[in-house]
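Everything on this sheet refers to the single structure shown next.
Everything numeric in this text was worked out from a predicted model, so none of it was measured. Here, residue 1 is the first one in the sequence, and each next residue gets the next number.
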Amino acid sequence: MKKSIVLLLVFFAGLKMNASNYNSFIFGVCYYPEHWPETMWEKDAQMMKECGVNTVRIGEFAWYYFEPEEGVFQFDLFDRAIGVFAKYDIKVILGTPTAAPPKWLTQKYPEVLVVDPNGEKRNDQTRQHTSYSSPKYLEFCRKITEALAIHYGKNKNVIGWQIDNEIHCHVRESFSNNDQIEFRKFLETKYKNIDSLNNRWGNKFWSQWYTEWMQISMPINTSSFHNPSLMLDYKRFLSESGIKYFNIQTAIIRKYCPDDFITTNGTFTDLDYYKMTKGMEIYSHDNYPCFVQQPQYWAATMATISRGFNGRFMIMEEQTGPGGQTYLLRSPRPGEMSLWAFQMLAHGADGMSHFRWRTALKGAEEYWYGVLDQDNTPRERYDEFKKEGNQMQKIGNEILGSVIKSDIAVLRDFENEWVYDYQYLTKEVKASGVYSDFVRAASELKYNIDIVGFEIDFSKYKIIFAPYMIMMSPSLASKIQKFVSAGGVFITGAHTAVKDFDNSMTWNTWPIYLTKLFGVEVGSFNCYQMPSATSNFINIGNDSLAVNVFADILKLNTAKSIGTWGMDYMKGMPACTENKFDSGMAVYYSSFFNYNAIKVLMKRYTSELALNQILKGFPENIELTSRNKGSTTFYFILNHNSESVNINLNTSFFDIINDVNISGNYNMKPFEYLVLRSVN
């Protein structure tokens, strides 16, 4: 059996494997042998080994080399590079190079290029400029993927594959004839006949009744507004196109490399990652914290989201130094690079790969700095990377197979978010941006939290939040009711269960299919304009919570009010309700969630259910998570502050990184991180 099967042990403990000597935690770096003189490879591999590196990702942009002319394939350069890494027991994740096609392809077959809404073909002097719907492009993607899979299928040093690179990063939409044809095929497959589409979209409105499929076009600029049902299906089409593109290559890799793991990297828009990651061994997140100024909760949120796609994730690209292209992000402060890497482990990452080994001398990413600077001189960043690698080697085998257990979940559904992408109501509505507030609240209250899709087993949790859940179906409503009936607390916000999954209104009273569960009816609402926070507030006990855009007006049936509106004509009217339902509770919060509302509600119901904090007595701004492996609990403690912070460890722990027992008061230095396990 191919040694690549071992990676499944590396990433997912608990899986059995055949005898092998490769059972270390994956710590890696992205490398580009085609960029560097071959005389440098050996020294690079030697230095990597000294830094604890045991995996490199290569090849994801090298199509020009692998297929220098149509139908002519070559592999010698990468064969030699893989051979050099093998001498130092460094394994390879190989990227399919389909995000950057060679010039002979785009020049000879210009029909593969993305077409803008005005009919102009996208220029080919960059990356990701080809259409996922182009039959010709998909044909060449199949050919290059198959050539690579056949050649490296029996290479024991290639242990995994990254499909493409950052699907949907730069291109999602194309408006060529091929794209129009594929969009119509997508609709015809879904609706079967044109009248079904007409009726479900409501095309009597504005005389939009279609009589043949050819009359339907992708949504381009028009004189007024597009049908919301069309726009939702268009988003679904964009997602399905990206997933189809991924699956075409995946099927080929599985055929020729059945023991290798398959992943893809990055998290972008108009792609349903819950669907795409089904059957994927592990998903890969690209972590670039400096895209925001204060990344503590944002980075934690992206990790939590990535873990929730299929339960397993790794980091394929971890920010190492300054970054930018035409722009330039702030630089990581000394110590932050490794702090952010350990933050990913704290949120469940089962592998860590930094971008990149050496800073590029040429090209659009000259300012994306690597472990080594462009002059190949090891400096402070190299020293920090080496220290981090040795630390990860020390803790890796211990935490393999550990999982994050949480009693709290936040539901995320891409289709519900896509509804708000088009009907955004006001510019304050950011459906995909609310999750950071949940992660921050949970972090400050010292609870683990999951962000998961609708298909997850709800019974795993005690509390479920459901923000921006504008669409509802009878089956989903039944699943929610079953969760509450069994003792769960389900908390949703304003404008919940307004439409069906055709993005259409129904004859039912809001929240549709859920009025009995929540014990309320929504008769009317206010949509406050920017800045909405000054327009009203909700009083819950001693807490006053600013309105966030929406204010639902509730009629109470069986529910009781636990919060009231503070201003406007609704002053004193119910604004937050509880409804006891069998063994559980359904809570309706009459505005969109914001950080303060989330924290108040989370604190209230974790207290009522007597949920245990990870550890008690920690400062709010110290990040704390836990991972469990059998009866052992690992605690990750991270100080994101630029000053020292005192913590109190109320029992004895073993500090795995520093090989010492610690307890009592501990002064955490700026950007310090600890990995502890309980001492029995």
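Side-chain rings of Tyr367 and Tyr327 stay apart, their centers remaining 6.0 Å or farther from each other. A distance of 6.0 Å or more separates the ring centres of Trp206 and Phe225. If you look at Phe313 and Tyr283, their ring centroids are not closer than 6.0 Å.
Side chain of Asn118 to backbone of Glu120: a donor-acceptor contact under 3.5 angstrom is found.
Figure legend: Lys482 and Phe458 shown without cation-pi pairing, the cationic atom not lying both under 6.0 angstrom from the six-membered ring centre and within 45 degrees of its axis.
Under the side-chain contact (heavy atoms from CB on, under 4.5 Å) criterion, Val171 pairs with Val114, Gln128, Tyr132, sequence neighbours left out. Listed by chain and residue number, nothing satisfies the ring pair (Phe, Tyr, Trp, His ring centres under 6.0 Å) test with Tyr435 (two or more places apart in sequence, or in another chain).
Dense packing is recorded around CD of Glu188, with more than 12 heavy atoms of other residues, nucleotides or ligands lying under 6.0 Å away. Residue Lys479 qualifies as enclosed at atom NZ: its count of foreign heavy atoms under 6.0 Å is above 12. When the shell of 6.0 Å around OH of Tyr424 is examined, it contains 12 or fewer heavy atoms from other residues, nucleotides or ligands. In this structure, Lys599 places its NZ atom where more than 12 heavy-atom neighbours from other residues, nucleotides or ligands lie under 6.0 Å away. Environment of CG in Asn221: sparse, with no more than 12 heavy atoms of neighbouring residues, nucleotides or ligands closer than 6.0 Å.
Taking the six-membered ring for Trp and thresholds of 30 and 60 degrees, Tyr273 and Phe309 have nearly parallel ring planes, at less than 30 degrees apart.
Rounded to the nearest 0.5 angstrom, Asp272 CG and Tyr274 OH are separated by 8.5 Å.
Ion pairing between a basic and an acidic side chain is recognised when a charged N comes within 4.0 Å of a carboxylate O; Lys190 and Glu240 show no such pairing.
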